Amino acid sequence: MGAVPRSARPLQLTLALLKPDAVAHPPVLEAVHETILNNKFLIVRTKELMWRREDSQRFYQEHSGRFFYRRLVEFMTSGPMRAYILAHEDAVARWRSLMGPTKVYRARNTAPDSIRGAYGLTDTRNTIHGSDSAASARREIAFFFPEFSESLWYQQDEPRLRCGLARYDTGERVHSLPKASRTESS
């Protein structure tokens with residue numbers, strides 16, 4: 001793939017997390033990855049990870065005490081996940097729109113072409129998580145990618161990526177700047 005088109009507005013970051021039900025099925029994992037690329041998101045970082053129970057409890061702490069909390073914590077530790085930092089104009093809203101409603105029944109009936117409408121199994125096994133606000137995105141990106149400096153990325157990489165210098169690396173499966181344009185945050 002060639003250069004990504006220029007963007008007049010600053011890029012926004014969001015977190016996308018493919019849950020264990022998606023990662024367990026390579027065709028679903030690949031379809032979601034293609035959805036990311038086809039919708040012109042830049043993949044800033046990606047990694048596969050496996051959570052311990054404590055990681056899941058910490059991430060979903062705001063839901064502690066809710067009827068689904070224990071089931072969600074157990075599910076999220078049941079297998080590997082894939083985390084992405086995505087960039088796009090209005091990345092949070094655009095990604096949430098592509099994900100579809102949280103409840104799979106609703107997704108299948110109101111947004112059947114959404115990720116959850118197409119691949120979700122249940123309200124817990126609904127394929128994907130995405131940040132619900134810019135503030136959540138910052139917090140969640142820091143949780144999954146503690147080595148990533150958002151401020152440095154916005155200072156050094158975002159202006160060049162927005163100008164269309166990004167190239168998709170099929171081996172690494174991320175967008176990057178050409179070697180001469182790379183910075184220490186890349």
Side-chain angles (χ1 to χ4, degrees), residues 12-37 41-88 91-108 111 114-153 171-175 185-186:
Q12 181 183 56
L13 296 175
T14 194
L15 179 91
L17 180 66
L18 276 72
K19 295 180 177 182
D21 58 311
V23 176
H25 295 92
V28 173
L29 181 63
E30 190 58 33
V32 174
H33 190 85
E34 287 302 314
T35 298
I36 291 167
L37 295 175
F41 281 91
L42 294 175
I43 301 172
V44 176
R45 298 281 189 285
T46 186
K47 68 177 166 183
E48 191 165 294
L49 61 135
M50 183 77 182
W51 262 356
R52 299 179 325 251
R53 181 179 180 83
E54 298 78 32
D55 300 322
S56 186
Q57 289 171 326
R58 206 164 34 114
F59 186 73
Y60 289 111
Q61 182 178 358
E62 67 186 83
H63 299 302
S64 180
R66 310 260 325 254
F67 73 93
F68 58 83
Y69 174 74
R70 199 166 128 217
R71 179 178 60 223
L72 180 61
V73 166
E74 293 299 320
F75 168 63
M76 295 300 283
T77 61
S78 69
M81 296 179 288
R82 167 126 349 238
Y84 290 90
I85 301 174
L86 302 178
H88 198 289
V92 172
R94 186 173 178 93
W95 182 244
R96 291 193 65 78
S97 175
L98 289 170
M99 288 185 345
T102 302
K103 296 195 176 294
V104 171
Y105 177 80
R106 181 176 294 151
R108 287 189 180 144
S114 69
I115 295 168
R116 289 175 173 151
Y119 307 110
L121 303 173
T122 68
D123 293 348
T124 301
R125 298 174 187 273
N126 62 2
T127 310
I128 196 139
H129 166 85
S131 305
D132 63 6
S133 68
S136 291
R138 278 189 295 280
R139 184 176 64 254
E140 293 173 353
I141 287 168
F143 186 92
F144 284 95
F145 296 89
E147 72 286 356
F148 179 74
S149 171
E150 185 174 338
S151 61
L152 192 60
W153 183 84
E172 296 293 321
R173 298 177 63 89
V174 297
H175 289 90
S185 69
S186 294

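Everything quoted here is computed from the prediction, not taken from an experiment.
Enclosure of atom CZ in Arg106 is not indicated, since only 12 or fewer non-hydrogen atoms of other residues, nucleotides or ligands lie within 6.0 angstrom. Within a 6.0 Å radius of NE2 in His25, other residues, nucleotides and ligands contribute 12 heavy atoms or fewer. The environment of Phe68 atom CZ is dense: over 12 non-hydrogen atoms of other residues, nucleotides or ligands sit within 6.0 angstrom. The neighbour count for Glu147 CD, taken as heavy atoms of other residues, nucleotides or ligands under 6.0 Å away, is above 12. Counted within 6.0 Å of CD on Glu48, heavy atoms from surrounding residues, nucleotides or ligands total more than 12; the atom is thus considered enclosed.
Considering only heavy atoms from C-beta on, Leu13 stays 4.5 Å or farther from Leu86 through its side chain. Side-chain contact between His129 and Met76 is absent, with no heavy atoms from C-beta onward closer than 4.5 Å. Side-chain contact check for Ile115 versus Trp95: some heavy-atom pair is nearer than 4.5 Å. Side-chain contact between Thr102 and Asn126 is present, with heavy atoms from C-beta onward closer than 4.5 Å. Looking only at side-chain heavy atoms (C-beta outward), Leu98 and Ile36 stay at 4.5 Å or farther from each other. At least one side-chain heavy atom of Val92 sits less than 4.5 Å from a side-chain heavy atom of Gln12. Residues Thr77 and Glu54 form no side-chain contact, since every pair of their non-hydrogen atoms from C-beta on lies 4.5 Å or further apart.
Arg108 and Gly117 get closest at one heavy-atom pair: CG-O, 3.5 Å. Gly130 approaches Met99 most closely through the heavy-atom pair N-SD, 3.3 Å. The minimum heavy-atom distance between Pro20 and Met81, with the atom names listed, is CD-CG, 3.6 Å. For the pair Phe145 and Ala83, the tightest heavy-atom approach, listed with the atom from each and the gap, is CZ-O, 3.7 Å. Of all non-hydrogen atoms in Gly100 and Arg116, the two that sit nearest each other are O-NH1, 3.0 Å.
Partner of Phe143 under the ring pair (Phe, Tyr, Trp, His ring centres under 6.0 Å) criterion, out of Tyr60, Phe59, Phe148: Phe59 alone.
Considering only residues two or more places apart in sequence or on other chains, Asp123 meets the salt bridge (Lys or Arg N to Asp or Glu O under 4.0 Å) condition with Lys103.
The distance from atom OG1 of Thr46 to atom NE2 of His33, rounded to the nearest 0.5 Å, is 7.5 Å. To the nearest 0.5 Å, the span separating CD1 on Ile43 from NE2 on His175 amounts to 6.0 Å. One distance of note links CD1 of Ile128 with CG of Leu15; it measures 9.0 Å at 0.5 Å rounding. A distance of 8.5 Å separates CG of Asp55 from CZ of Phe144, quoted to the nearest 0.5 Å. A distance of 11.0 Å separates CG in Asp21 from CG in Leu29, rounded to the nearest 0.5 Å. Between the OG1 atom of Thr14 and the CD1 atom of Ile141 there is a distance of 6.5 Å, given to the nearest 0.5 Å.
Using cut-offs of 30° and 60° for the angle between ring planes, the Phe41 and His88 rings count as tilted.
With no hydrogens or angles considered, a side-chain donor-acceptor pair links Ser136 and Arg139 at under 3.5 Å.
Looking at Arg82, its side chain never comes within 3.5 Å of a backbone N or O of Leu18 through a donor-acceptor pair. Between the side chain of Thr35 and the backbone N or O of Ala31, at least one donor-acceptor pair lies under 3.5 Å.
A cation-pi geometry, defined here as NZ or CZ lying under 6.0 Å from the six-membered ring centre and within 45° of its normal, does not hold between Lys19 and Phe75.
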